There are 2 protein chains.
Amino acid sequence: MAASTLSEVARLAGVSLATASRVLNGSSRKPAEDIAERVREAADKLGYVPNAQAQALAKSSSGLIGLIVHDIADPYFSAIARGVQEAARQQNRMVLLASTSGAASDEREAVAAFAARRADSIVIAGSRSVRAEDQQGNAELAAELDRYCRNGGHVGVVGHPIVGASASEGYHVVKVPNEELAAGLAAELAASHDGPFLIIAGPEGLYTSDDRVRGFQRGLADAGRTPAEVIRTGFNRAGGYDAGLALAERIKSSEERLCIFAVNDVMAIGVTAALRPEGVWIPRDATIAGFDDIETLRDFRPALSTVHLPLEDIGRLAAGDPDTPPVSGVVKLRRSTETPAESQI
Amino acid sequence: MAASTLSEVARLAGVSLATASRVLNGSSRKPAEDIAERVREAADKLGYVPNAQAQALAKSSSGLIGLIVHDIADPYFSAIARGVQEAARQQNRMVLLASTSGAASDEREAVAAFAARRADSIVIAGSRSVRAEDQQGNAELAAELDRYCRNGGHVGVVGHPIVGASASEGYHVVKVPNEELAAGLAAELAASHDGPFLIIAGPEGLYTSDDRVRGFQRGLADAGRTPAEVIRTGFNRAGGYDAGLALAERIKSSEERLCIFAVNDVMAIGVTAALRPEGVWIPRDATIAGFDDIETLRDFRPALSTVHLPLEDIGRLAAGDPDTPPVSGVVKLRRSTETPAESQI
DNA sequence: CTGTTAGCGCGTTCAA
DNA sequence: TTGAACGCGCTAACAG
């Protein structure tokens with residue numbers, strides 16, 4: 001990694017280090033055009049590439065923005081990543097990526113690594129948990145973030161504050177109105193569905209999941225319906241799949257049509273995938289709705305009812321983009337929750 | 001970004017800078033245990049986080065690995081990104097991300113930015129093009145990469161060499177046997193399909209697309225079939241969608257069943273999506289196959305025949321992981337190319 | 001407007 | 001074993 005240095009360029013151009021620096025980087029002082037030209041030629045000839053590390057060291061600002069996701073190949077996270085990436089591009093920064101599978105200890109490590117690289121800001125996506133087994137991990141993560149903020153770092157968190165993090169300067173949360181939107185979804189579903197409701201949720205203690213469950217129940221209550229039964233499973237496709245398997249018999253033997261709310265889209269997809277080979281058809285035998293409106297849904301059949309979230313905007317907001325509008329979701333009713341009469345296959 | 005420095009730690013511990021450095025980072029020289037403990041305590045107390053920029057500057061090795069993709073939210077790229085990320089984790093490095101929408105000039109810029117950050121290696125995913133309009137961009141990209149390699153950088157390219165890049169030291173290509181696999185796919189399809197074939201390809205000059213077209217045609221020829229007609233369109237979902245629209249009438253009015261090969265999965269999905277509302281059913285009215293086996297296919301119906309590519313492994317290989325097996329694809333025949341007799345809906 | 005100088009935080013060679 | 005000094009490549013104060 002031994003590229004040519006600024007002093008080599010300066011020497012070749014016959015000028016001082018400072019002048020070369022002023023020419024090649026955006027300085028307020030503008031050297032004379034003829035000398036500038038000479039420097040540029042020299043730089044070009046030597047294939048000079050400024051050492052960003054050294055610049056960062058001298059300026060103490062790295063132009064880096066750290067992004068922490070559970071899994072970059074998950075459509076939910078990759079959509080957010082795209083937003084962060086765009087914001088970074090606008091800010092003339094680069095994105096540092098870390099995937100952690102959601103473990104708080106890994107996230108702490110990632111934050112430390114970002115801090116070590118002096119990232120200007122850090123974006124954390126992925127649901128927060130208050131479960132007992134995560135308590136210590138959360139505390140350590142919070143401490144690490146706190147230190148990072150105290151040292152002047154900016155943190156953007158998607159959804160919920162890190163558990164235990166003090167609301168320091170430079171720490172901001174991109175709020176997602178999960179509860180309200182879930183309530184809205186429940187209201188719209190209750191208007192056209194007469195049977196019972198069932199919620200397939202993530203583990204208790206996951207903020208995002210809990211919020212959506214709470215909101216959905218509230219929406220049902222407001223519509224004068226009895227609360228939905230809640231099944232707890234993994235907050236991913238596999239969890240949905242398991243729940244679907246467990247549910248198949250029950251749906252087939254019952255005469256009431258069930259309306260299922262899976263707290264996110266990939267879980268809804270998992271449920272549907274499990275039900276299909278069992279001969280349970282959506283929306284004929286049961287209806288189902290998800291949450292997030294990930295891009296994958298575009299070509300998923302039956303078209304899945306869900307709540308649209310502007311994931312890219314969320315990423316942009318978390319990355320500190322000022323002219324992105326605040327998060328607002330929209331209920332999207334599609335084929336998967338149509339009533340039988342309209343849904344001839 | 002003013003965290004505490006090594007010299008502060010050293011002062012607090014009452015030792016010299018060098019000693020503190022030796023304790024906190026893996027040096028060959030090991031200081032005495034009692035003094036080491038004192039240093040560690042001091043570091044902990046001050047919340048010391050080593051400045052990776054400064055370390056990189058001193059050691060000239062950044063621990064960074066740059067990744068260039070067209071779009072991080074595209075399942076093809078995000079799967080590769082996951083592989084790169086895993087390899088990086090194993091190597092104790094971090095991933096720097098750049099999305100370029102495929103423009104060679106943007107890619108050049110990204111390479112320069114990575115070089116500026118002294119990334120240890122760079123991974124470039126996304127198809128290469130030899131089209132005339134990309135010629136200059138390609139040349140500049142090749143020059144930039146060449147310079148990077150000469151300065152000791154490592155480059156991993158997925159699929160095809162950068163056009164015009166000299167095979168310098170440290171430059172390696174993860175070869176994907178597109179042609180052979182496409183030929184294999186054609187052979188398997190020809191065994192069960194009697195009607196004509198049609199290929200929906202990307203723009204001429206895109207290596208990946210061209211290879212797959214060539215291979216498919218060869219496979220057909222080997223099976224004694226006449227060459228397939230080739231339709232050129234965009235190398236993405238929208239391109240497939242357009243082609244599907246253009247094809248719908250023709251399929252409906254023809255009596256022969258058409259077997260369509262879209263040169264990648266997202267195009268195949270686009271085709272299918274366009275045909276569906278036109279009343280063209282797969283595989284009843286036509287059959288279709290894609291390429292890549294992206295994760296999205298798992299829940300796409302009708303189950304799409306395709307060629308499975310180990311995308312994560314490809315990412316790992318490009319990132320220089322030594323114990324990842326070489327790329328080998330597998331033809332996957334699924335519902336979308338079943339013959340009518342077996343495919344009662 | 002240009003050149004000189006002092007750091008930015010750390011690794012590493014030298015003496016001690 | 002420990003510490004002092006230099007250099008990594010660059011920016012930003014100065015001085016000229």
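Owing to the predicted nature of the structure, the values given are computational and were not obtained by experimental measurement. No hydrogens, no waters, no symmetry mates; every other heavy atom, side chains included, goes into these values. Letters A, B, ... mirror the listed sequences (proteins, then strands); counts begin at 1.
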task = For D:dG3, take OP1 and OP2 only and decide whether either is under 4.0 Å from a side-chain N or O of B:Thr19.
result = yes
query = Rounded to whole angstrom units, what separation is found between the CZ atom of B:Arg11 and the C1' atom of D:dA4?
reply = 16 Å
request  = Using atom CG of B:Leu46 as one end and atom C1' of C:dG9 as the other, report the distance to the nearest whole Å.
outcome  = 15 Å
query = For the side chain of B:Asn51, counting heavy atoms from C-beta on, which of C:dG11, C:dG3, C:dG9 is nearest?
reply = C:dG9
Nearest-angstrom distance from the residue atom CG of B:Leu24 to C1' of D:dT2 = 15 Å
message = I'd like to know if B:Arg22 reaches the base of D:dG3 with its side chain, counting only an N/O donor and acceptor under 3.5 Å.
response = yes
message = Any salt bridge linking B:Arg40 with B:Glu37? Criterion: basic side-chain nitrogen under 4.0 Å from a carboxylate oxygen.
response = yes
message = Quick check for you: among D:dT11, D:dA4, C:dC10, whose closest atom lies nearest to any side-chain atom of A:Lys59?
response = D:dT11
query = Nearest-Å distance, CG (A:Leu17) to C1' (D:dA12)?
reply = 12 Å
ask   = Distance check: side-chain N/O of A:Thr5 vs OP1/OP2 of D:dG9, anything under 4.0 Å?
value = no
request  = From the options B:Ser101, B:Ser78, B:Ser99, select the one residue that forms a side chain to side chain contact (heavy atoms under 4.5 Å, CB included) with B:Val69.
outcome  = B:Ser99
inquiry  = Any donor-acceptor pair under 3.5 Å linking the side-chain atoms of B:Gln90 with those of B:Glu86?
reply    = no
ask   = Between B:Tyr207 and B:His160, what is the ring plane arrangement, given parallel below 30°, perpendicular above 60°, and tilted in between?
value = parallel
query = Counting only heavy atoms not in A:Gln91, do more than 12 fall under 6.0 Å of its CD?
reply = yes
ask   = To the nearest Å, how far apart are A:Gln53 CD and D:dC10 C1'?
value = 12 Å
ask   = Counting side-chain heavy atoms from C-beta on, which of C:dG11, D:dA4, D:dT2 comes nearest to B:Ala18?
value = D:dA4
inquiry  = With a 4.0 Å limit, can you tell me whether A:Ser16 has a side-chain N or O closer than that to the phosphate oxygens OP1/OP2 of C:dT4?
reply    = no
Touch class at under 4.0 angstrom, heavy-atom based, for B:Leu57 against every strand present = base
message = Without decimals, in angstroms, what is the distance between B:Arg117 CZ and D:dC8 P?
response = 22 Å
ask   = So, is B:Gln55 close to the C:dG11 phosphate, meaning a side-chain N or O under 4.0 Å from OP1 or OP2?
value = yes
query = Taking the nucleotide of DNA chain D with the closest heavy atom to each, which residue, A:Ala52 or B:Ile35, is nearer the 5' end?
reply = B:Ile35
